[in-house]
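Attaching a single structure in structure tokens format; questions to follow.
Predicted model, so just to flag it, every value in this text is computed and none were measured. Atom set for the values below is all heavy atoms of this structure, side chains included, hydrogens, waters and symmetry mates excluded.
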Amino acid sequence: MKSFTLLCASLTALSLTACEQKREEQSNQPSEQQAAQATPTNPDGLKFPLDCTLGDTCLIARYVDRGAGTGGAATDYRCLGETQEGHKGVDIALRHMGMMEAGVDVLAVAEGTILRRRDGVADISARQLDESDIDGKECGNGIVLQHEDGRQSQYCHLKNGSLTVGEGASVKAGQKLGQVGLSGETEYPHLHYMLREGGEIIDPFDGRKMSDACTADSADDNSQWATTPSYEPLVLIGIRLSSAPPERADIWQAPNEVIPRTAPALVMTTHAFHAREGDVWAMKIKDPMGRTFAEKTETLERDRQFIYRFIGRKRPSGGLTPGIWTAEIKASRDGAESKTLRTEFRVE
């Protein structure tokens, strides 16, 4: 649940360069939908903790860090790097703040009793707060759910005022507990879900302790999920259009559907989790006539747990052409196209 550290962005006379972070109307291509399809595993296992469509309206951003068990760097249950050092749970992100504002329900993964709860923490990005503001409240608005088998589930970063259950309440699997928010130590809308047994963090993807080494050869053999979400090696989050280079706080805002033809510039921004050295990103904006307005292809030079890129151009002398435009990002890895996002927007 650590906050991010971003580098800088700049606007040149004719083109835009992007900021990075270390380690739409959105339309997903079938490859992304298929990559996020879940695998039925155990009908008595844990239900998915969000009322969303994985790979469409929500995405797995980080897994439990199993690096301590390998004596090395941050490592997820598949012995890959889709996590961060010391990460104790599974982060399930929404594509943008508009979805959070509309409301996405957080659900009980199994029957149990509400052991503890906290509400009243404002939905404010950690970037806008001092460390003292969230000291002791890193989880934000949250719930601890005691299950009948002795295990506990903890839910963090719920929306302020959204909790629907009180301490001591009995809940059923799939019952609404609250909604996804931006409370606590986070700068993007997501649920941080943790499973504990005997005080130790359990990785729900293979049933082992956080302190256990990862086991790539049998990663899903002991999944705790009723339906195991498929592993995503690259998560493209979204595309956003604007009339200026993005500020840090803009990255997670809802996408704009309309850009004024008199806007000083037209800028396309996209962001992703789990980018890797050698990934090729091809970004393109096309006008209503199908002509390329701006494009850039880049080979990433290092691994990035989170990254954003933007391209664009200043407004032509005659203004932006009115009509329906398209923006697209294609990300490929190891020579094969892995993910594509494409969106339409209107200039008027």
V280, L236: one ILVMFWY side-chain cluster at the under-4.5 Å cut-off? no
Any Y155 side-chain heavy atom under 4.5 Å of V144 side chain: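 Heavy-atom side-chain distance check fails, nothing below 4.5 Å.
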Minimum heavy-atom distance L59-I237, with the two atoms named: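 Scanning both residues, the minimum pair turns out to be CD1-CA, 3.9 Å.
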Checking side-chain contact (heavy atoms from CB on, under 4.5 Å) against W252, which of M97, R95, M100 comes through? M97
Out of curiosity, does V121 fall in the hydrophobic cluster containing L177 (side-chain heavy atoms, cut-off under 4.5 Å, transitive links)?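 L177 does not cluster with V121.
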Less than 4.5 Å apart, side chain to side chain, heavy atoms only: is that true for I202 and M210?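 Side chain of I202 against side chain of M210, heavy atoms only: no contact under 4.5 Å found.
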Full working for side chain to side chain donor-acceptor pair (under 3.5 Å) between Y308 and T269: CA-CA 7 Å; Y308 74 89; T269 303; over 6 Å; no
Would you say R118 and K137 make side-chain contact, with heavy atoms under 4.5 Å? yes
L115 with M194, same ILVMFWY side-chain cluster at under 4.5 Å: no
Are side-chain heavy atoms of W281 and L300 found at a separation under 4.5 Å?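 A side-chain contact under 4.5 Å exists here.
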Regarding R127 and E187, does a basic nitrogen lie under 4.0 Å from an acidic carboxylate oxygen? yes
Do F310 and T270 make a side-chain contact, defined as non-hydrogen atoms from C-beta onward lying under 4.5 Å apart? no
How far apart are the closest heavy atoms of L234 and A331, and which atoms are they? CD2-CB, 3.6 Å
Taking the six-membered ring for Trp, are H157 and H192 parallel (under 30°), tilted (30 to 60°) or perpendicular (over 60°)?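 Plane angle over 60°, so perpendicular.
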Which pairs count as salt bridge (Lys or Arg N to Asp or Glu O under 4.0 Å) when at least one residue sits in residues 155-184, sequence neighbours excluded?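 Sorted result for residues 155-184: D105-K176.
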Can you measure from CD (E344) to CG (L241) and round to the nearest 0.5 angstrom?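 Reported value, rounded in 0.5 Å steps: 11.5 Å.
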Name the residue from R342, K286, K339, K284 that meets the salt bridge (charged side-chain N to carboxylate O under 4.0 Å, His left out) definition with E328.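 Looking at R342, K286, K339, K284, the match for E328 under the salt bridge (charged side-chain N to carboxylate O under 4.0 Å, His left out) is R342.
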Over all heavy atoms of both residues, which pair between G81 and D76 is shortest? Give the atoms and the distance, please.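 The answer is N-OD2, 3.8 Å.
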Under the side-chain contact (heavy atoms from CB on, under 4.5 Å) rule, what do R66 and R208 come out as? Steps first, then yes or no, please. CA-CA 9 Å; R66 303 282 288 280; R208 295 175 174 84; 3.4 Å; yes
D149 and its side-chain hydrogen bond (donor to acceptor under 3.5 Å, both in side chains) partner, picked from Q146, Q152, R151: R151
For D119 and N160, run side-chain contact (heavy atoms from CB on, under 4.5 Å): C-alpha distance rounded to whole Å, both residues' side-chain angles, the deciding distance at 0.1 Å, then the answer. CA-CA 6 Å; D119 206 346; N160 187 21; 3.4 Å; yes
Is V90 reachable from Y231 through a run of I, L, V, M, F, W or Y residues, each pair having side-chain heavy atoms under 4.5 Å apart?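 Cluster IDs for Y231 and V90 match.
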Within a radius of less than 6.0 Å around CG of D334, do more than 12 heavy atoms belonging to other residues, nucleotides or ligands occur?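 Not more than 12 within 6.0 Å, no.
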Return the minimal non-hydrogen interatomic distance between S243 and P264, and the atom names on each side. O-CG, 3.6 Å
For R240 and Q253, does a side-chain donor sit closer than 3.5 Å to a side-chain acceptor? no
State, yes or no, whether a side-chain contact exists between Q179 and V104 at a heavy-atom distance under 4.5 Å. no
Common cluster, I114/Y193, ILVMFWY with side-chain heavy-atom separation under 4.5 Å: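 Looking at the clustering, Y193 is in the same group as I114.
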Nearest heavy-atom pair of S125 and L182: which atoms, and what distance? N-CD2, 3.6 Å
Would you name the heavy atoms of D287 and M289 that are closest together and state the gap between them?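 Scanning both residues completely, I find the closest heavy atoms to be OD1-N, 2.8 Å.
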Run the side-chain contact (heavy atoms from CB on, under 4.5 Å) check on N256 and F345 step by step: do they pass? CA-CA 8 Å; N256 294 319; F345 62 99; over 6 Å; no
K296 vs E298 side-chain heavy atoms within contact, under 4.5 Å: yes
Does any donor atom in the side chain of Y63 or D91 lie under 3.5 Å from an acceptor atom in the other side chain? no
How far apart are the C-alpha atoms of R62 and Q305, what are their side-chain angles, what is the distance that settles it, and do they pass the side chain to side chain donor-acceptor pair (under 3.5 Å) test? CA-CA 9 Å; R62 293 185 183 88; Q305 184 185 116; 2.5 Å; yes
Kindly determine whether L158 and V180 satisfy side-chain contact (heavy atoms from CB on, under 4.5 Å), including the steps that lead there. CA-CA 5 Å; L158 275 64; V180 177; over 6 Å; no
Inspect the contact between R333 and E277 and indicate whether a charged nitrogen and a carboxylate oxygen are less than 4.0 angstrom apart. no
Sub-4.5 Å side-chain heavy-atom contact between V109 and F48: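 Not in contact.
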F306 and Y188: aromatic ring centres closer than 6.0 Å? no
